[in-house]
Amino acid sequence: MSKNLVIVESPAKAKTIEGFLGKDFVVKSSYGHVRDLKKKGLSVDVENSFEPEYEISPDKKKVIDELKKLVAKSDKVWLATDEDREGEAISWHLEQVLDLSKKDVSRIVFHEITKGAISKAIENPRKLDYRLVDAQQARRVLDRLVGFELSPVLWRKVKPSLSAGRVQSVTVRLIVEREREINNFEEKFAYRVTAVFSTNGKSFKAELNKRFETVEEAREFVNACNGSSYRVDDLQVKPAKKSPAAPFTTSTLQQEASRKLSFSVARTMSVAQKLYEEGKITYMRTDSLNLSDTARDGAKKQITSSYGEEFSKPRTFTSKSKGAQEAHEAIRPADMSVTSVGGDPAGQRLYDLIYKRTLASQMADAKLEKTTVRIKVEGSDAPSDNLHFVARGEVIKFEGFLKVYLEGTDDEDNEKEEEGLLPSMNVGDSLDRKMITATQRFSNHPPRYTEASLVKKLEELGIGRPSTYAPTISTVQKRGYVVKEDREGHPREYTVIELEQNKVEEKTKTENTGAEKQKLFPTDIGIVVNDFLVEHFEKILSYDFTANVEKQFDDIADGMLKWTDMIRTFYKPFHENVEETLEHGDRPTGRELGKDPKSGKPVYAKIGRYGPMVQIGDAEDEEKPRFASLRHEQSMTTINLEDALELFKLPREVGEFEGEKVTAAIGRFGPYLRHKGSFVSIKEADGDDPLSIKIDRAIELIEAKRKADLERIIKTFDEDETVQVLKGRWGPYLKAGKKNIKIPKDVEPESLTFADCQKLIEEAPEKKGRGGATRAKKAAPKKKAAPKAKKGAPKSKKKSK
DNA sequence: CAGTGAGCGAGCTTCCGCTTGACTT
């Protein structure tokens, strides 16, 4: 019945817009891209103008079917996807797939979801921009070519199933290089001198304008201070101001939620998604700093009524970030008069952050008064003239936006003095010295990345998009290139020289250093893969590769460059490079740790089929090399010969229990004990070690495991012992042989009968996912053709290197 | 899922960017 069909990208948006448009319009969503390069193979005809082979994405078939039906019933179709490269391409794919060429079609765009903006869009339709579509095709094809040609090089030269790509490989590079900087960092120290003075009964802190490099100098200075007097030498008062940060984009929201709420970037996005779907906030994947007029008016109203007129200052912000496409608004509350959203606490906390940030962005500057006091050291033993103490004070004269919100910092430097109020003083005043302290301070290595600080860096480099920051970070972790971990620190001694009253005291104190929380570390595989890629594919691994190709995408969008020409220029040398590397690129050999004292053969640490390992002997040797996996906490880059040789002592027989052998070894999931065909993990955190564990302790662990297994059982059945109801990590589940089946939420697990279970088993969907195809090899050990009966000539293909 | 690691073999893995659910042991 409806005459108009509007297609947008997001279903939540569709719902809102339908409300604005009235009954003549049906608004539906495409759920993002509907068509993509075929999943399998290159699907780009590199011989033939790089013709892409598209297919409807399997999970979009239903969406397309529904849209087709609606198109048939409509007089006019409005393609209202986002106004950016990807959005334009989605519209084009829709046009193709829905066969809209004979239909009355208009392309419309809007950057904010307000009634006014939508009406205006409808009044200003345009045609599809095929140049922009081509820019997207170039982007898509480039990414496919890079990803699907580089990854196989890694499979051949490093390890199967690895991956490489324009975005992920550079992401890993950032982390690897940061780790190297940290390893090469030379810790320096200096003595920082602080003082506590007082005047008119009020005390304050000051710092010396010089740090001493040796303890002797520091000692000499502090000693000299005993008996000196102190006078205000200079005093300056200057006005200053602070301005609020711009409203949130995806990247800044992720950073701030990490700093203030300790959310991972994935958590932030999923909480934000929920708020968005509930209509509480605007779209959360955006690089725009813009606020709609409605939002700014709303903020103004709120600020004026809560804090007064003088706190309001409408502002607009312009994006400085590379490659911003600004198809949406900044992330803001949908309605500025809503201060609380209820629901779960995480949602409320994130909303609160968004609310305050948005409000603050429309508020007046804070006005400050900064005071700097120079304090001269005088007296018989007074140190040389250019040494003086400096005290800094800061007073807020007008709070402005600080009343609501202040952006957090990533600064790990904890030496910053809190700059508070200083007592009133005048030049020439003499001060009482309470205390002088010289503290040995060590320089900090560059900080390791957190997920959020990595996103910040990626955004600065123009790598990745708001919709991909979180997935990229999870990809590099999933591939095993990077791990997010805590590290315990270690104690470090430092010296403090203190002058109090008239006594100088020297103490040694201990601080904890090197502790890390939820930081990103490269793994051995990450390091090896990165070094390999940087060596052979420097151009693609360079930090400005994306920025360079973005320029060319822009040229395509401007009609200055044909997309196929761009790809051709890129592909030829790239592909040759790939071929060359496949042919001649050496497998990364790892490190040689030394010689095995028993055999005299070399011992290597390298990446093997299953990850980092150590190897005795070479593959070419007559006797085949021996292998052993590294333990989880060991690293290829640091392991020494002694530890490597230890690894070859496993598996090891621990003793006997119940008439059968107990062995200890290290497997895919760490150290374990094996007994009667079942496995028990050994936790090194409990002080156990597969190399040294004794039989008594092993038995203890085996029995504990048996007990724990019993406790997991909720119910068993006499009819079939392989069917059990168990307690699992995600609640109760049903185990039938090797299959795990979820128990519906409304079913009480204790009440399940055997018949119920059988029904559930039958209804359970076949589990999909990888590893389905069994590796049923092993049978038929082949007739071992007559030894060395080589056929000589027809040595099949090439590639014998 | 658990002591693997080359060797002929069968066939698989992989990219980035748009969007939400379905689903996990």
A:D82 bridged to A:R285 by N-O distance under 4.0 Å | no
Expressed in angstrom and rounded to an integer, what is the separation of A:Y54 atom OH from B:dC18 atom P?
-> 15 Å
Of B:dG17, B:dC15, B:dT20, the nucleotide closest to the side chain of A:R140 is B:dC15
Interatomic distance where CD belongs to A:Q136 and P belongs to B:dC16 [whole Å] | 15 Å
By nearest-nucleotide position on DNA chain B, the 5'-leaning member of A:L37 and A:R285 is A:L37
d(CD1, A:I7; C1', B:dT19) in whole Å | 14 Å
Give one of base, sugar-phosphate or nothing for A:E149, where a contact means two heavy atoms less than 4.0 Å apart.
-> nothing
Within residues 545-553 of chain A, find the residues that approach DNA chain B with a heavy atom at under 4.0 Å, and present them sorted by residue number.
-> none
For A:E579, enumerate each residue passing the salt bridge (Lys or Arg N to Asp or Glu O under 4.0 Å) test, keeping only those at least two apart in sequence or located in another chain.
-> none
Can you check the A:K157 NZ to B:dT13 P distance for me, whole Å?
-> 21 Å
Gap between atoms NZ and P, on A:K159 and B:dT13 respectively (whole Å) = 15 Å
Hey, is A:D596 close enough to A:K601 for a salt bridge, meaning N to O under 4.0 Å?
-> no
Per A:S629 side chain, nearest of listed nucleotides B:dC15, B:dT13, B:dG5 | B:dG5
Could you tell me whether the side chain of A:S163 has a donor or acceptor atom within less than 3.5 Å of a complementary atom in the base of B:dT14?
-> no
Presence of salt bridge, A:K60 and A:D36, under 4.0 angstrom = no
Would you classify A:Y469 as touching base, sugar-phosphate or nothing, given that sugar-phosphate means primed atoms plus P, OP1 and OP2, and contacts are heavy atoms under 4.0 Å?
-> nothing
Among all residues two or more places apart in sequence or in another chain, which pass the salt bridge (Lys or Arg N to Asp or Glu O under 4.0 Å) test with A:K38?
-> A:E53
Determine the contact category for A:R85: base if any of its heavy atoms lies under 4.0 Å from a base atom, sugar-phosphate if only primed atoms, P, OP1 or OP2 are that close, otherwise nothing.
-> nothing
Touch check for A:Q615, heavy atoms < 4.0 angstrom, all strands: base, sugar-phosphate only, or nothing?
-> nothing
Are A:Y31 and the base of B:dT20 stacked, counting only ring centres nearer than 5.5 Å and planes tilted under 30°?
-> no
Tell me, what's DNA chain B's dot-bracket, Watson-Crick or G-U with both distances under 3.5 Å, | for other-strand, [ ] crossing?
-> .........................
note: A:K39, atom NZ; B:dT14, atom P; distance rounded to Å ~ 9 Å
Check the distance between B:dC16's P and A:L461's CG and give it to me in whole angstrom.
-> 15 Å
Base, sugar-phosphate alone, or nothing: which one does A:G611 contact when heavy atoms must sit under 4.0 Å apart?
-> base
Answer with base, sugar-phosphate or nothing: what part of the nucleic acid does A:P471 contact at a heavy-atom distance below 4.0 Å?
-> nothing
A:S151 vs B:dC15: side-chain N/O to OP1/OP2 distance below 4.0 Å = no
How close or far is atom P of B:dG17 from atom CG of A:L142, stated in whole angstroms?
-> 10 Å
Proximal nucleotide (of B:dG5, B:dT19, B:dT20) relative to the A:F627 side chain = B:dG5
Which part of the nucleic acid, if any, lies within contact of A:G87, taking any heavy atom under 4.0 Å across all strands shown: a base, the sugar-phosphate backbone alone, or nothing?
-> nothing
Pi-cation contact, A:W92 with A:R35 (under 6.0 Å, within 45°) = yes
Just call it for A:V167: base, sugar-phosphate, or nothing, with non-hydrogen atoms closer than 4.0 Å on any strand.
-> sugar-phosphate
Looking at A:Y543, is A:R173 sitting on its ring face, NZ or CZ under 6.0 Å from the six-membered ring centre and within 45 degrees of the normal?
-> yes
May I ask you to check if A:R479 and A:Y481 form a cation-pi contact, with NZ or CZ under 6.0 angstrom from the six-membered ring centre and within 45° of the axis?
-> no
Choose from B:dG17, B:dT19, B:dG5 the nucleotide whose nearest atom is closest to any side-chain atom of A:M613.
-> B:dG5
With heavy atoms under 4.0 Å as the rule, sort A:G608 into base, sugar-phosphate or nothing.
-> base
So, is A:R156 close to the B:dT13 phosphate, meaning a side-chain N or O under 4.0 Å from OP1 or OP2?
-> no
Can you tell me, in whole Å, how much space there is between the P of B:dG21 and that of B:dC1?
-> 30 Å
Looking only at side-chain N and O atoms, does A:S10 come under 4.0 Å of OP1 or OP2 in B:dT19?
-> no
Sorted by chain and residue number, the ring pair (Phe, Tyr, Trp, His ring centres under 6.0 Å) partners of A:F574 (sequence neighbours excluded) come out as A:F570
Within the pair A:R479 and B:dC15, is there a side-chain N or O less than 4.0 Å away from OP1 or OP2?
-> yes
Residues two or more places apart in sequence or in another chain: which of them pass salt bridge (Lys or Arg N to Asp or Glu O under 4.0 Å) with A:R107?
-> A:E88
If you find the nucleotide of DNA chain B closest to A:D82 and the one closest to A:L145, which residue's nucleotide is nearer the 5' end?
-> A:L145
Check every atom of B:dC15, B:dT20, B:dC18 against the side chain of A:E277 and return the nucleotide holding the closest atom.
-> B:dT20
Under the side-chain contact (heavy atoms from CB on, under 4.5 Å) test, residues paired with A:V680 that sit two or more places apart | A:L673, A:L701, A:I702, A:K705
How far does the C1' atom of B:dA22 sit from the matching atom of B:dA2, given to the nearest Å?
-> 30 Å
Between the side-chain atoms of A:R465 and the base atoms of B:dC18, is any donor-acceptor pair under 3.5 Å?
-> no
Within the structure shown, what part of the strands sits under 4.0 Å from A:Y283 by heavy-atom distance: base, sugar-phosphate, or nothing?
-> sugar-phosphate
Does A:E660 have any salt bridge (Lys or Arg N to Asp or Glu O under 4.0 Å) partners at least two apart in sequence or in another chain, and if so, which?
-> none
Under the ring pair (Phe, Tyr, Trp, His ring centres under 6.0 Å) rule, collect the residues that match up with A:F537, sequence neighbours excluded.
-> none
Check every strand shown and say whether A:T472 touches a base, only sugar-phosphate, or nothing at a heavy-atom separation below 4.0 Å.
-> nothing
What nucleic acid atoms does A:A89 come within less than 4.0 Å of, heavy atoms only: base, sugar-phosphate, or nothing?
-> nothing
